[in-house]
Asks: 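This is the structure, below, for whatever I ask next.
Lettering of chains follows the sequences in order, A, B, ..., and the numbering in each one begins at 1.
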Amino acid sequence: MPELPEVEVVRAGVEHWVAGRTVDDVAVLHPRSVRRHTAGAEDFSLRLKERSFTAVRRRGKYLWLELDSGDAMLAHLGMSGQLLVQPREHAAERHQRVRIGLGPAERELRFVDQRTFGHLMIDPLVDDTRGGSAGVPAVISHIALDPLDPAFDDDVFSATLRRKRTEIKRALLDQSLISGVGNIYADEALWRARLHWARPTAHLRRPQVSGLLEHLRDVLREALAAGGTSFDSLYVNVNGESGYFERGLKAYGRAGQPCGRCGAAIRREAFMNRSSYSCPGCQRAPRG
DNA sequence: ATGAATTCCTGTTGGC
DNA sequence: TGCCAACAGGAATTCA
């Protein structure tokens, strides 16, 4: 499931292949994949055709391909989305949803997405009110900076977090507070910080928040260096190669296996219609 | 206004 | 062998 490290791997790969290319053909094969483009699939294609890609940027789990029109093609991979660059004559992937011809190269950009939680849309770039220098797509202006962004402010995050009446893992998954963190890296950072997912944010000390951010950045950077995490080949990078950080996971998906720190069996708990993995020895549940 | 629950989707897996 | 429930989960939307 693509989180920040996987999306960054895709961003870099896509940028290598599309920068300077001009769109000479667009085919929307599944309308759901452009559902957030409210003007419709035809308008989506129209705004891409004959436009050139100038840069590829990312914030959290969103990435966008800047166009020479002042718009950007915004992409979110959801759970199973892939952006692939393939020769045009290469056979279509089973769940190919959108195809974008890259002139004058004999290649095309393909959006492949089995579960269709991901999406593409065209959106105007607006001034970034969150501290960046480049423009951001208007529809994601509410998304917070991610913790690897140089402009991310730890003190502001800590203060905002401690004003909230919620649990720490909910906050980590709230993209308006901090972006790029999903279920996997939230569990990994909490394990490293020895914090249980249900800890109330209002009771966290500032040094605990700082420590958590440090662990979060560590695990994100390690995963990025390894090319991202992948489990079932639904997620692959732009060249079709799976990431392999799963061997570095200490909590996520390890229910029943011994904690690498204290040996206790990692537990799995239901949480927000999904699962949370933690160590009962090193991550004590809060009282109440 | 805030926080939490619901919903969208498809392929795989496990139990009976 | 076949059927069905559970599961994977990001984030917009809806609800309380």
Asks: Ring-plane angle category for A/F152 and A/F157, please: parallel below 30°, perpendicular beyond 60°, tilted otherwise.
Replies: tilted
Asks: Assess whether a salt bridge exists between A/R192 and A/E188, defined as any Lys/Arg side-chain N lying under 4.0 Å from an Asp/Glu carboxylate O.
Replies: no
Asks: Could you list, one pair per line, each protein nitrogen or oxygen that sits under 3.5 Å from a nitrogen or oxygen of nucleotides 12-15 of chain C, together with the distance?
Replies:
from, atom 1, to, atom 2, distance (Å)
C/dA12, OP1, A/Y62, OH, 2.8
C/dA12, OP2, A/H142, NE2, 3.3

Asks: How about A/I140 and A/W64: do any of their side-chain heavy atoms sit closer than 4.5 Å?
Replies: yes
Asks: Give the rounded distance in Å between these two atoms: OH of A/Y185 and P of C/dA8.
Replies: 17 Å
Asks: Considering residues, nucleotides and ligands other than A/E42, do more than 12 of their heavy atoms fall under 6.0 Å from its CD?
Replies: no
Asks: Please report the distance, rounded to the nearest Å, between CG in A/L74 and P in C/dA11.
Replies: 11 Å
Asks: Under 3.5 Å, which N/O atoms of the protein pair with N/O atoms of nucleotides 1-3 of chain B?
Replies:
from, atom 1, to, atom 2, distance (Å)
B/dG3, OP1, A/R165, N, 3.0
B/dG3, OP2, A/K164, NZ, 3.0

Asks: If you look at every strand shown and take non-hydrogen atoms under 4.0 Å, does A/R97 touch a base, only sugar-phosphate, or nothing?
Replies: nothing
Asks: Among residues two or more places apart or on two chains, list those pairs meeting side chain to side chain donor-acceptor pair (under 3.5 Å) that have a residue in residues 207-220 of chain A.
Replies: A/D154-A/R217
Asks: Please determine whether a side-chain nitrogen of the Lys or Arg among A/R170 and A/D174 lies less than 4.0 Å from a carboxylate oxygen of the Asp or Glu.
Replies: no
Asks: Could you check how far NE2 of A/H119 sits from C1' of C/dG10, rounded to whole Å?
Replies: 9 Å
Asks: On DNA chain B, check which nucleotide each of A/R94 and A/E167 is closest to and give me the residue with the more 5' one.
Replies: A/E167
Asks: Would you mind reading off the distance between A/L177 atom CG and C/dG10 atom C1', rounded to a whole angstrom?
Replies: 15 Å
Asks: When you look at CG of A/D153, are more than 12 heavy atoms from neighbouring residues, nucleotides or ligands closer to it than 6.0 Å?
Replies: yes
Asks: Could you state the atom-to-atom distance from CZ of A/R59 to C1' of C/dG10 in whole Å?
Replies: 18 Å
Asks: Can you list everything that forms a ring-ring contact (aromatic ring centres under 6.0 Å, His included) with A/F53? Sequence neighbours excluded, please.
Replies: none
Asks: Would you mind reading off the distance between A/N183 atom CG and C/dA8 atom P, rounded to a whole angstrom?
Replies: 8 Å
Asks: Does any donor atom in the side chain of A/E93 or A/Q82 lie under 3.5 Å from an acceptor atom in the other side chain?
Replies: no
Asks: Angle between the end axes of the helix from B/dT2-C/dA16 to B/dC16-C/dG2, five pairs per end, to the nearest 10 degrees?
Replies: 60°
Asks: Reckon A/R268 touches a base, only the sugar-phosphate, or nothing at all at heavy-atom distances under 4.0 Å?
Replies: sugar-phosphate
Asks: Near A/R35 CZ, under 6.0 Å, is it more than 12 heavy atoms from other residues, nucleotides or ligands?
Replies: yes
Asks: Does A/M272 belong to the same Ile/Leu/Val/Met/Phe/Trp/Tyr cluster as A/L177, with side-chain heavy atoms less than 4.5 Å apart forming each link?
Replies: yes
Asks: Is the shortest side-chain N to carboxylate O distance from A/R59 to A/D128 below 4.0 Å?
Replies: yes
Asks: Under 3.5 Å, is there a donor-acceptor pair linking the side chains of A/S179 and A/D146?
Replies: no
Asks: Would you kindly give the CE-to-C1' distance between A/M272 and B/dT6, to the nearest whole Å?
Replies: 11 Å
Asks: Detail all sub-3.5 Å separations between protein N/O atoms and N/O atoms belonging to nucleotides 7-9 of chain B.
Replies:
none

Asks: From the options A/K49, A/R88, A/R107, select the one residue that forms a salt bridge (Lys or Arg N to Asp or Glu O under 4.0 Å) with A/D24.
Replies: A/R88
Asks: Ignoring backbone atoms, establish whether A/S80 has a side-chain N or O less than 4.0 Å from OP1 or OP2 of C/dA8.
Replies: no
